[in-house]
Q: 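Here you go, one structure.
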Amino acid sequence: MSSRSKPLALAAIQANNDIPPPLDFSFKNLSGIQDATDEEPRPGPLKSSKTNTDSGQLKSDAKILRFCYNKICDLQYFNSTLEQLLEKPFDLEWLDLSFNDISTIDEVLLQYPKLKILYLHGNQIDKLSEVDKLGALPELFSITLHGNPIEDIPGYKQYVISVLPQLKVFNTITITNQDRSDASTWKRKFRKK
């Protein structure tokens with residue numbers, strides 16, 4: 001399969017052959033991020049390499065984390081959990097938190113400036129203003145939010161594109177020039193009110 005036929009987000013990550021395979025904690029019935037430290041990640045076609053630390057703890061070199069299809073409602077202990085799981089936690093590039101019970105976008109994510117892809121679809125986010133926080137992530141180019149209550153708010157797509165102008169992909173679909181124009185028009189109308 002050529003990179004042209006892959007979704008843009010996946011092709012961008014895989015274009016760098018140095019990216020190790022994901023650490024996958026999906027379908028683990030986790031109620032909190034910290035519960036992952038007591039679980040074995042799901043096996044994948046490629047094994048993520050692990051290194052021993054001074055304390056004898058094994059850490060993964062993964063830059064992609066999957067916590068989808070769990071019962072996570074907040075990101076309490078996110079930093080400490082990533083420090084236990086990952087060799088270089090602040091090199092995190094892709095985070096999948098889809099299909100959980102998250103209702104707010106925790107500002108702890110802003111501590112991961114290399115984050116490029118964030119999946120939040122199928123959660124409980126109901127305020128557009130939650131998306132504003134993500135404007136501080138300079139490399140974020142792909143986000144999913146469909147399946148959240150905010151999807152029912154008129155102008156939701158235009159709002160997200162206008163507050164996150166660095167995005168290239170929204171809900172797995174490439175943002176077009178027309179989408180940007182619509183967002184700009186919507187933003188001008190919204191500000192007049």
Q: Distance-only, no hydrogens or angles: does the Lys59 side chain make a donor-acceptor pair with backbone N or O of Glu83 under 3.5 Å?
A: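 At least one qualifying donor-acceptor pair exists.
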Q: Is there a donor-acceptor pair under 3.5 Å between the side chain of Thr185 and the backbone N or O of Ser181?
A: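 Present.
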Q: Under a 4.0 Å threshold between the charged nitrogen and the carboxylate oxygen, would Lys114 count as salt-bridged to Glu139?
A: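 Salt bridge: no.
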Q: Give me the one residue out of Leu167, Leu118, Val160 that meets side chain to side chain contact (heavy atoms under 4.5 Å, CB included) with Leu134.
A: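 Looking at Leu167, Leu118, Val160, the match for Leu134 under the side chain to side chain contact (heavy atoms under 4.5 Å, CB included) is Leu118.
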Q: Run the side chain to side chain contact (heavy atoms under 4.5 Å, CB included) check on Leu140 and Gln166 step by step: do they pass?
A: CA-CA 7 Å; Leu140 185 69; Gln166 76 275 25; 4.0 Å; yes
Q: Please check: side-chain N/O of Asn123 versus main-chain N/O of Asn100, any donor-acceptor pairing under 3.5 Å?
A: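 Indeed, once roles are kept as given, a pair shorter than 3.5 Å links the two residues.
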Q: Students often mix this up, so state it plainly: with edges at 30° and 60°, are the rings of Tyr156 and Phe170 parallel, tilted or perpendicular?
A: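 Tyr156 vs Phe170 ring planes: tilted.
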Q: Where do Leu92 and Lys63 come nearest, in terms of heavy atoms and distance?
A: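 It is CD1-O, 3.5 Å.
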Q: Apply side-chain hydrogen bond (donor to acceptor under 3.5 Å, both in side chains) to Glu151 and list each qualifying residue two or more places apart in sequence or on a separate chain.
A: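 Testing Glu151 for side-chain hydrogen bond (donor to acceptor under 3.5 Å, both in side chains), a comparison that skips the adjacent residues, returns none.
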Q: Does Lys187 reach the main-chain N or O of Tyr159 with its side chain, forming a donor-acceptor pair under 3.5 Å?
A: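 Answer holds: no.
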Q: Less than 4.5 Å apart, side chain to side chain, heavy atoms only: is that true for Leu115 and Leu95?
A: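 A side-chain contact exists here, since the closest heavy-atom pair is under 4.5 Å.
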Q: For Gly32, does its backbone N or O pair with a side-chain atom of Asn70 as donor and acceptor, under 3.5 Å?
A: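 No; judged by distance alone, with no hydrogens or angles, the pair does not exist.
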Q: Can we say Lys71 and Asp101 salt-bridge, meaning some charged N sits less than 4.0 Å from an Asp/Glu carboxylate O?
A: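 Salt bridge between Lys71 and Asp101, a charged N being under 4.0 Å from a carboxylate O: no.
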Q: Is there a side-chain contact between Leu85 and Phe25 in this structure, where contact means two heavy atoms from C-beta onward sitting under 4.5 Å apart?
A: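 In contact.
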Q: Identify the residue among Ile72, Leu109, Asp106 that makes a side chain to side chain contact (heavy atoms under 4.5 Å, CB included) with Phe78.
A: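 Between Phe78 and the candidates, side chain to side chain contact (heavy atoms under 4.5 Å, CB included) is satisfied uniquely by Leu109.
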Q: Between Phe99 and Tyr69, how do the two ring planes meet: parallel, tilted or perpendicular, split at 30° and 60°?
A: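 Parallel, since the angle between the ring planes stays under 30°.
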Q: Assess whether side chain to side chain donor-acceptor pair (under 3.5 Å) is satisfied between Asn79 and Gln111, documenting all intermediate values.
A: CA-CA 9 Å; Asn79 286 344; Gln111 296 175 30; 2.7 Å; yes
Q: So, does Asp126 use its side chain to make a donor-acceptor pair with the main chain of Ile150 at under 3.5 Å?
A: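 Absent.
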Q: For a quick test of reading the model, state the closest non-hydrogen atom pair linking Ser142 to Tyr119 and the distance between them.
A: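 Scanning both residues completely, I find the closest heavy atoms to be OG-CE2, 4.5 Å.
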Q: Who passes side chain to side chain contact (heavy atoms under 4.5 Å, CB included) against Arg42, sequence neighbours left out?
A: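 If we apply the side chain to side chain contact (heavy atoms under 4.5 Å, CB included) test to Arg42, skipping adjacent residues, the hits are Asp24, Ser26, Phe27, Lys28.
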Q: Looking only at atom types and distance, does a side-chain atom of Asp96 sit under 3.5 Å from a main-chain N or O of Ser98, one as donor and one as acceptor?
A: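 Yes: the side chain of Asp96 pairs with the backbone of Ser98.
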Q: Counting N and O atoms only, with roles assigned by atom type, does the side chain of Asp182 sit under 3.5 Å from a partner on the main chain of Asp179, one being a donor and the other an acceptor?
A: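 No.
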Q: Using a 3.5 Å distance criterion without hydrogens, assess whether the side chain of Ser162 forms a donor-acceptor pair with backbone atoms of Gln158.
A: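 Checking the backbone N and O of Gln158 against the side chain of Ser162, a donor-acceptor pair under 3.5 Å is found.
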Q: Do Asn171 side-chain atoms and Leu145 backbone N/O form a donor-acceptor pair below 3.5 Å?
A: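 Side chain of Asn171 to backbone of Leu145: a pair is present.
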